[in-house]
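Throughout, protein chains are lettered first and strands after them, A, B, ... in sequence-line order, and every chain is numbered starting at 1.
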Amino acid sequence: MLLILDILTTAGILFVVSIGLLAVFGVLKIINFAHGAWLTIGAYCAVVAAKLGLNPWAALPLAFVIGGALGGLAEHFIIRPLYRRPLDAILATWGLGIVIGQLITLGFGRDVQMTPNLFSGTVEVFGADYSAYRLVALGAAVVIGVAFALTIEGTRLGLSARAVIMNETLARGLGIDTARVRLFTFMIGAGLAALAGVLLTPLTSVDPNMGVSWLIGAFMLVMVADASFLALGVACLVFGAAQVLISTFVSPILGSIAIAVLAALVLRISPKGFSRA
Amino acid sequence: MPDDVSALGRAARPERGRARLSRTAPFVAAGLAAVALWIAPLVLDTFAVNVLTRSMIYAVLAVTVDLLWGFAGILTFGQAAFFGVGAYATAMALTYLGATPAWIAVALALAVAAPMALGLAVGWLSFYHRSTALYASVISLVTPIVVTQLIYSGGEWTGSSSGLVGFDVLPLELEGFFRLAAFVLIAVTLAAWVFVRSDAGRALIAVRDNDARCAYLGLSPKRLQIALTAVLAGVAGLAGFVFANASSVVAPENAGFLFGTELVIWVALGGRGTLLGPVLGTIAIDYLAANLSGDLPFLWQLLLGTAFVAVIILLPGGLAELARRAWGALPVGRRSGFAPRLVVSPPRPEADASDGPLLKIDGLAKSYGSLTVLENIDLDIRAGELVSLVGPNGAGKTTLMRCLSDGTEPFEGAVSIAGVSTAGLTPNRIVTLGVGRKFQVASVFESLTVADCLLLARAPHDGLSALGRAETLTLPQAALDVLRMTGLDRMLAEPTRLLSHGQKQALELAMVVALEPRVILLDEPTAGLTKAERTTIGAVLKTLTADLGIAAVLVEHDLDFVRQISSRIVVLHQGRLVLDGTVDEVVNSELVRTIYSGGAHV
């Protein structure tokens with residue numbers, strides 16, 4: 001029973017971490033390798049919020065706004081010149097990630113930072129104690145997922161974004177300002193990444209390179225989901241389950257590479273990943 | 001020569017710049033470098049010798065990344081994994097077997113063979129019919145992660161996170177390892193230099209530019225990519241062998257994804273698509289890093305990261321591009337590019353004039369979901385026939401061409417070439433059955449010259465030299481005719497991206513004809529051409545079919561043109577074959593008039 005909870009919460013955390021990358025990949029068709037750096041930015045927003053003596057939860061909107069604003073700058077100066085060179089965009093965003101990591105190191109030092117717990121303690125589930133925060137994280141994943149779905153389905157930006165995903169040339173021909181759609185999408189993606197960074201603080205240590213370890217998993221999940229929002233949810237559940245089961249019953253080391261290896265195999269067999277199903 | 005070439009066009013240029021150097025130039029340069037590096041340890045201090053030994057080993061890896069990424073267009077983070085496997089194979093062999101000369105030889109063999117085997121597996125996983133460049137990069141990312149985790153889980157056997165230390169190594173001093181690293185670097189760079197300048201080196205660039213065209217020339221781009229991955233994995237393993245010996249330490253980071261990205265950064269800064277750029281860039285950056293990162297570790301990383309982002313955006317050719325621009329500004333005469341002499345190949349012995357049709361289509365049907373694009377197509381085409389396929393837009397003509405030339409396309413029914421079924425065959429294997437296809441949009445290699453494009457078209461017949469450039473280019477008479485009539489024979493050294501639309505169409509036709517196919521598929525070969533160019537191409541097609549006995553299938557909208565050259569006309573309408581007859585029968589039929597004037601629903 002606890003295993004199922006572990007799987008669900010792991011999937012929830014993976015979903016929160018990958019959703020921003022998915023939004024960017026879907027609309028801009030590029031992989032944002034600075035995604036990990038934005039997770040780190042979000043986590044340091046929590047650190048700053050704590051230093052300012054704010055309520056720990058206040059870090060969430062703070063991170064979303066700061067992450068989004070920085071994302072806007074990055075889109076304008078780095079991503080935009082590379083629209084036609086998607087492989088180069090991977091490299092440039094990776095370089096950007098290095099720069100951000102070093103700037104954070106210069107500002108905060110390379111040591112692990114302490115953050116106040118967003119939510120502490122355990123709750124009793126089915127007769128066993130379970131980390132309350134993991135359940136909160138799962139709830140946050142659902143909230144973010146629903147909000148994201150509403151944005152896509154119910155707003156003008158969502159409609160434009162869907163048009164750009166399907167056929168960018170046609171969308172531009174119909175008078176949609178695709179450059180603006182790209183900019184806003186990147187800002188939202190970056191904001192969501194920073195938000196995820198705050199949500200990660202109780203689960204991992206906060207240091208300047210914390211984002212990199214999450215990046216590869218998120219990247220593989222997005223590749224398998226192929227820009228489909230529902231497929232991402234499915235991928236997080238399936239691969240999250242694989243990770244938990246392999247870590248529990250085989251070895252934690254194999255569990256840590258389960259997502260990358262399984263995703264690569266799925267892509268080899270079905271290049272569109274889970275989005276076809 | 002304009003300097004604002006696209007990123008794709010870049011790799012052809014260093015070759016061109018060096019073409020003026022004589023054939024022996026690389027060897028002279030290598031000799032000089034060898035002498036200089038032999039003397040260097042005598043004048044450098046110990047720290048510099050130590051650091052530069054490592055830098056030169058990294059430079060070997062940079063050459064392999066550059067060949068894959070800069071030349072063949074495969075962005076890879078995986079070379080670190082192969083390097084790590086080579087280094088660990090060496091360290092483990094030396095630790096557990098000992099460092100006698102025999103075991104050192106075994107260690108060397110393992111350090112090359114193990115990464116090559118892994119490289120084959122990675123290549124097989126990365127490159128398959130319809131695989132994408134992004135997927136190959138994904139796999140190259142996964143490989144070092146998996147290798148690192150395997151090292152961690154190896155326990156005492158691999159030393160886990162602390163690695164292996166203190167094993168016995170080659171009996172060399174500091175200077176000896178410096179010279180060994182220098183020797184390996186010079187040898188690998190020289191081999192790479194000779195290779196990329198050779199005819200076979202053109203194939204790398206061709207695969208990067210347009211791997212579909214490669215496949216439709218009968219070359220196997222995937223096999224080339226797999227072979228390249230495996231061989232360069234072996235070279236990376238060799239570098240790992242030298243590294244393990246020179247440092248006497250191996251750690252999981254040596255195989256890691258972060259190291260893989262560093263290699264890409266060095267190559268990008270030095271200048272992808274050139275060889276000296278990445279070599280000098282890697283040595284300079286690693287040497288600077290060793291000197292600076294002690295004092296300002298974070299600032300150094302920050303500067304490097306910033307420089308990397310700036311170079312990717314503003315200067316995709318790296319520092320080598322700057323050097324080349326400076327060199328280009330000097331008043332040194334540039335000789336035009338290399339062009340071989342054209343030679344006529346002896347006419348092929350007349351194909352066995354068997355009675356059966358060359359191309360046979362049986363009940364072919366194709367649908368996308370509920371949308372039926374083609375149904376119930378039966379067609380036999382014999383040697384010497386020129387069959388025109390006409391029909392309004394959306395009738396399924398191009399889809400039919402695709403089904404004929406790619407057996408992996410999902411469709412019902414059967415297609416056979418001279419009695420051999422094409423079911424499940426990839427395009428390059430169908431080409432070897434004797435089918436040549438010309439695309440609707442001219443498909444040539446934009447970074448290569450006219451002569452190089454033709455050379456690749458002849459590769460299945462004449463092979464490609466991996467050592468040098470052939471002095472002559474043998475082409476069948478019909479291909480020469482196409483070149484002569486369109487004036488391309490005087491533009492052999494011209495890069496194809498500078499050709500006009502009509503010239504590109506003619507070049508692609510010449511390439512397809514140079515394959516000496518038995519069946520030739522032409523999708524609107526005259527679209528967008530002038531009247532004179534059309535007449536030329538029409539004349540060539542008539543010669544090919546009437547005199548050489550080639551069967552041709554031509555998709556065409558221009559009914560006048562079709563009437564002049566066809567021996568038979570087939571009308572396709574809404575996915576069905578509605579008429580099949582002689583020119584007169586079809587042109588005078590009521591049906592064709594209604595279809596072309598619109599509104600007919602058969």
Per-residue contact mode, B:Y152 against chain A (heavy atom under 4.5 angstrom): both

So, B:T408 and B:H129: side-chain donor and acceptor under 3.5 Å apart, yes or no? yes

Is it the case that atom CZ in B:R223 sees more than 12 heavy atoms from other parts of the structure closer than 6.0 Å? no

For A:S251, which atoms come within 4.5 Å of any heavy atom of chain B: side chain, backbone, both, or neither? neither

Side chain from CB out, backbone as N, CA, C, O: work out which of these in B:I265 comes under 4.5 Å of a heavy atom of chain A, or both, or neither. side chain

Given heavy-atom pairs under 4.5 angstrom as the criterion, report whether the side chain, backbone, both or neither of A:I257 touches chain B. side chain

Could you tell me if the ring centre of B:F83 sits under 6.0 Å from that of B:F259? yes

Scan for side-chain hydrogen bond (donor to acceptor under 3.5 Å, both in side chains) pairs involving residues 69-83 of chain B, sequence neighbours excluded, and state none if there are none. B:T64-B:Q79

Between B:I313 and chain A, which part of the residue has a heavy atom less than 4.5 Å away: side chain, backbone, both or neither? both

Heavy-atom contact with chain A under 4.5 Å, split by part of B:L303: neither

Under 4.5 Å from any heavy atom of chain A - which part of B:W300: neither

Contact class of B:I145 relative to chain A, heavy atoms under 4.5 angstrom: both

Quick check on the interface: out of B:I139, B:T306, B:V264, B:T261, who has the most heavy-atom pairs with chain A under 4.5 Å? B:T261

Charged N-O contact under 4.0 Å between B:R272 and B:E321: no

Would you say the rings of A:W94 and A:F219 are close, in the sense that their centroids are separated by under 6.0 Å? no

Heavy-atom distances under 4.5 Å only: say whether B:S137 touches chain A with side chain, backbone, both or neither. side chain

Max heavy-atom pairs within cutoff under 4.5 Å with chain B, candidates A:L96, A:I78, A:V261, goes to A:I78

Determine the option with the most heavy-atom pairs under 4.5 angstrom with chain B, choosing from A:L103, A:I98, A:V99, A:L87. A:V99

Non-hydrogen atoms of chain B under 4.5 Å away: do they reach the side chain of A:I90, the backbone, both or neither? side chain

Carboxylate-amine/guanidinium contact A:E75 A:R80, below 4.0 Å: yes

Salt bridge flag under 4.0 Å for residues B:E446 and B:R208: no

Lys/Arg-Asp/Glu bridge criterion (N-O < 4.0 Å) met for B:R130, B:D406: yes

Under 4.5 Å from a heavy atom of chain B, the part of A:I216 involved: side chain

